[in-house]
Amino acid sequence: MSAADRFLELWGIQADLGYGSAVLQWDQETYMPPAGGEARGKILATFAEIQHEKLVSAELGDAIEAAAEEAEPNSELEAQVQEARRLREREVKIPGALAKALAEAESRGLRAWQKARKESDFSMFAEELEHTIRLNKEKAAALAPNGNAYDAMLDLYEPGITERVLTPMFEELGSVLSPMIAAVRESGVVVDESPAQGRFDVAKQKELCMFVAKQMGYDFSAGRLDATAHPFCTTFGHQDVRITWRWQEDDIRPALYGVMHEAGHGLYEQGIVESLRRTPLGEATGLGMHESQSRLWENMVGRSEDFWTWMMPHFVEAFPEKTGTRPGQMKAALNTCRPSLIRVEADEATYNLHIAARFFIEQQIFAGSVAVADLPELWDQTYEDLLGIRPQSVAEGVLQDIHWAMGAFGYFPTYTLGNLICAQLFDAAYAAIPELDEAIAKGEFAPLREWLGTNIHQHGRRFSTHQLVEKATGTPLTSGPLLHHLTSTAEKVYGVSLGAQRG
Ligand code: ZN
């Protein structure tokens with residue numbers, strides 16, 4: 001056996017352990033009886049421990065270095081070796097005692113956060129949060145001893161992204177979107193959301209959502225749709241990529257846009273070329289790129305008038321009481337712009353300001369310029385500055401998200417990164433595919449899916465997010481296309497004049 005084969009064989013075991021954990025987690029969120037939680041937690045911890053031991057083992061380290069000697073410059077094997085080294089070194093750098101302390105802090109933090117959020121009392125969480133922040137700063141120092149601590153956290157979720165790249169983008173989003181929200185509010189226009197509201201039979205919702213996912217190209221012979229409280233997409237290996245959904249009986253949006261979102265993630269996963277599976281390159285390149293694929297279908301395609309030109313007859317067939325609704329009315333109902341306090345309920349236009357707020361606050365946490373006790377006030381003030389509204393309680397303010405309780409600092413920016421990337425990719429797809437708008441208006445999504453497959457999906461981690469964006473669009477990541485998309489949509493829906501900012 002060649003050194004390359006040996007290295008890939010060992011890595012395949014690593015990948016299988018990850019897929020095995022994914023099956024257990026998927027089951028935990030879908031079908032596991034409630035009493036099974038404790039036992040499941042133990043099994044998952046065992047999987048994680050074995051995976052960690054194998055990843056840091058000298059056996060794997062030696063196999064990687066032996067393969068490195070066989071690798072030709074710029075070959076796929078060289079990329080495999082580099083990615084394996086990066087993932088292994090990251091794991092090796094964290095001392096065992098710190099990893100254990102982080103895991104314990106996470107479960108204690110989650111319990112404290114749940115209670116504090118329920119009681120809307122920040123003091124019940126402050127001590128655990130302080131502890132979690134301290135441990136994560138230690139983790140950042142272990143990962144990048146001479147580097148920027150926040151960059152080390154960002155790199156965990158989107159390799160290569162840095163504070164220096166993100167800061168001007170978030171500042172630009174704030175400087176364009178905050179005045180846009182104010183202009184929309186001053187317009188006094190109230191959008192009629194009734195086209196998306198009513199009574200929607202759950203079985204019919206499911207049927208319609210599956211029909212749309214299939215039309216997008218999500219392959220149900222290599223996937224399935226199940227119900228969960230918090231929808232997600234998960235992969236168990238080649239040809240098994242599952243998505244989940246939830247619904248609301250009086251509003252079609254959570255189900256339809258949730259399924260389009262997850263099916264967009266699913267297309268990415270189903271599109272990774274088979275030869276990369278079970279290798280270090282057999283996954284999506286980063287969370288921001290992953291999110292761009294879900295948002296592209298959800299927002300760029302799904303909220304457009306073209307999409308509803310095709311969709312409306314199918315919608316009306318499932319829900320005849322909606323007969324007579326025009327695609328333009330539906331577009332307006334799907335593109336409201338209204339500042340709100342809760343991120344997960346935010347519309348597309350204001351969503352990025354929720355993320356900007358978290359980014360600016362995380363920067364200050366890692367720079368050590370804000371004390372934990374002052375976070376609620378900093379949060380409220382940041383919301384007032386960016387969104388023009390102020391939370392009345394910590395439950396709808398600083399305590400609303402689970403991320404910090406889990407120690408997931410640096411995760412939030414990937415959501416907006418997804419929006420930025422998807423707008424830029426969609427512009428490039430429009431330029432590359434003749435009459436894409438007409439195809440969408442006929443429900444012909446194959447040209448778009450194939451363009452994404454060729455430019456993004458198939459490559460797995462062969463290229464970084466930055467490289468893929470530049471290869472696919474001809475320019476580095478920029479905020480112009482997203483700002484143009486959001487401001488021109490607000491102009492159409494609210495009749496305000498914003499000069500459709502190019503950013
Ligand atoms: Zn997503």
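Both counts, for ligands and for their atoms, begin at 1 and track the order of listing.
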field: His261: its N/O/S atom lying closest to the Zn ion (ligand 1) (atom name)
entry: NE2
task: Check Glu291 and report its N/O/S atom nearest to the Zn ion (ligand 1), by atom name.
output: OE1
message: Is it the case that the side chains of Asn419 and Thr416 hold a donor-acceptor pair, with the cut-off being a distance below 3.5 Å and no angle test?
response: no
- prompt: Is a donor on one side and an acceptor on the other found under 3.5 Å between the side chain of Glu158 and the backbone of Leu287?
  reply: yes
Note, Met169 side chain near Leu477 side chain (heavy atom, < 4.5 Å): yes
query: Looking at the Zn ion (ligand 1), is one of the N, O or S atoms of His265 less than 2.8 Å from it?
result: yes
message: For Glu83, is there an ion pair with Arg86 - N to carboxylate O distance below 4.0 angstrom?
response: yes
